[in-house]
Amino acid sequence: MSTRPEEISSIIKEQIRNYRSQIELTETGTVILVGDGIARVYGLRNCMASELLAFEDGTYGMAQNLEEETVSVALLSDQNDIREGTMVCRTGRVLSVPVGDALLGRVVNALGDPIDGRGPVASTEERPIETEAPGIIERQSVNVPLQTGIKAIDSMIPIGRGQRELIIGDRQTGKSEICIDTIINQKNTGVICIYVAIGQKSTTVVQLANELERNGAMSYTIIVSASAAEPAPLQYIAPYSGCAMAEHFREQGKDVLIIYDDLSKHAVAYRALSLLIRRPPGREAYPGDVFYLHSRLLERAACVAPEYGGGSITALPIVETQAGDVSAYIPTNVISITDGQIFLETELFHSGVMPAINPGISVSRVGGSAQLKAMKTVSGELKLLYSQYRELQSFAQFGSDLDADTKSRLALGERIVEVLKQNRNEPIRVGCQVAIVYAVIHGFLDTVPVKEVHDFEKRLYDRLETEYPTLLERFEQGYYEDSDVQMLEEALQKMLR
């Protein structure tokens, strides 16, 4: 096949006619010092705060300190070939992560890259990790419950969609388990879950993913992991990356649950990063803006009004205490930002009460307004009776002669404790929770020996689900009429015959 000369000349003429002279300007700098995951770069005069910078070996970094002559850059990889004299280019954009439905069911790192060995994430959209929190006008009050499936929480310390509820306690007291059970309980509710693991062991993240997979929860969950082996900058950006993914779903009018496990390790990673870039240390060597670090993250969790797209982000941050000291620096910071806290006590955990929730200092500041009518009515007295029992218990051990009233309160308290115990990965539907709480408060369990309370509870659930399914549905739809109470009492009377 021969090419005609006139065809070639017409193509050349067309290219000359459409030629546009363009000069591309790129600002470059040079590394003058590198070490401990921090590079000091000279020559980037117009660099923005938190801008993404590209090194010539393909590594990326995030601009942190903008000084007079140099920029301190946090490297986002510890596998790099950066040395003195390495060229650095500005990208003109801030750090972004992929977002969208393609991430559901995946385990990704803090940059949104998959680490589960299941190939690339087919996401077409990206979103900056740092965005402004919704303003006051855009928000609405929390009015829809987020059911955890955990009796002690749904009855005494309820959580609403759009709330920020802190889970606080010493290590190994079951903080992460509460969050995992809450994720499992969101099956068939339309709530998307994001679990951010900060500074965890990789094996722990693998176990978590397997546990969610076994319970059919991975299909609506994203796990963002910045393991203990990764550099401090990646652990620092992980929660913001997770929050950006959550905001994408919220803007589509969906409800999202995000768990930050945990913010103590996040603060430690930020402290390491700040000290390396020579920021002045404050209390406990944390930088002065450590409060802002968490407030700008948690303020992004909100319930948005329908005219602004609806949707909500519910945040469950976890903070680890040392020897139960909730008055330490980071715990008090996060307590002051959140809408309540669930405090897990080591003593309760070791005495076999699980979840080991201390009702005395645990509180939900907004969840009560989102509680279902049935649960709100039956659980009104529960927290008071439980707290009274805890007080009486500490005094009763010193005295042998107890009056009848004290004995009856102690007996009731023992049954309340037994009712609130719950095995892991066994969330309970709200209708059943209402029934058992009603039973214990109104004396239906007084004749049941404490050791048999658990068996009674199981038999009650089975009977309600087979003989009274409409009653459970009514409770879950927000109904609680006299006829419903009569039907519940009838079921309990049958159980006691």
With side chain to side chain donor-acceptor pair (under 3.5 Å) as the criterion, how do Asn143 and Ser141 come out once you've worked through the C-alpha distance, each side chain's angles and the decisive distance to 0.1 Å?
CA-CA 6 Å; Asn143 52 21; Ser141 59; 4.7 Å; no
Using side chain to side chain donor-acceptor pair (under 3.5 Å), reason through Thr148 and Asn185 one step at a time and then give a plain yes or no.
CA-CA 6 Å; Thr148 64; Asn185 198 51; 5.8 Å; no
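When ring centroids are compared, His294 and Tyr270 stay outside the 6.0 Å threshold.
Checked against side chain to side chain contact (heavy atoms under 4.5 Å, CB included), Pro359 has the following partners two or more places apart in sequence or in another chain: Met156, Lys383, Tyr386, Ser387, Arg390. Partners of Asp181 under the side chain to side chain donor-acceptor pair (under 3.5 Å) rule, at least two apart in sequence or in another chain, do not exist in this structure.
At a threshold of 4.0 Å, the pair Glu284-Arg271 does not count as salt-bridged, since none of the basic side-chain nitrogens sits closer than that to a carboxylate oxygen. The pair Glu69-Arg40 does not count as a salt bridge, with every side-chain nitrogen at least 4.0 angstrom from each carboxylate oxygen. Ion pair Lys151/Glu426 not flagged as a salt bridge, since none of the NZ, NE, NH1 or NH2 atoms sits closer than 4.0 Å to an Asp/Glu carboxylate oxygen. Taking a cutoff of 4.0 Å between a charged side-chain nitrogen and a carboxylate oxygen, Glu476 and Arg429 qualify as a salt bridge. Checked for salt-bridge contact, Glu247 and Arg300 meet the test: a charged N lies under 4.0 Å from a carboxylate O.
Between Gln140 and Tyr308 there is no side-chain heavy-atom pair separated by less than 4.5 Å.
The 12-atom threshold is not exceeded at CG of Asp36, counting heavy atoms of other residues, nucleotides or ligands nearer than 6.0 Å. Annotation for Phe349: atom CZ counts as buried by contact number, over 12 foreign heavy atoms lying within 6.0 Å.
Among the candidates Val99, Asp255, Asp101, the single residue satisfying the side-chain contact (heavy atoms from CB on, under 4.5 Å) test with Phe249 is Asp101.
Using a 3.5 Å distance cut-off with no hydrogens or angles, the side chains of Thr70 and Glu67 do pair a donor with an acceptor. No side-chain N or O of Asp339 forms a donor-acceptor pair with one of Gln163 less than 3.5 Å apart. Counting only N and O atoms by type, the side chains of Glu230 and Asn109 include no donor and acceptor under 3.5 Å apart.
To the nearest 0.5 Å, atoms NZ (Lys175) and CD (Glu320) are separated by 5.0 Å.
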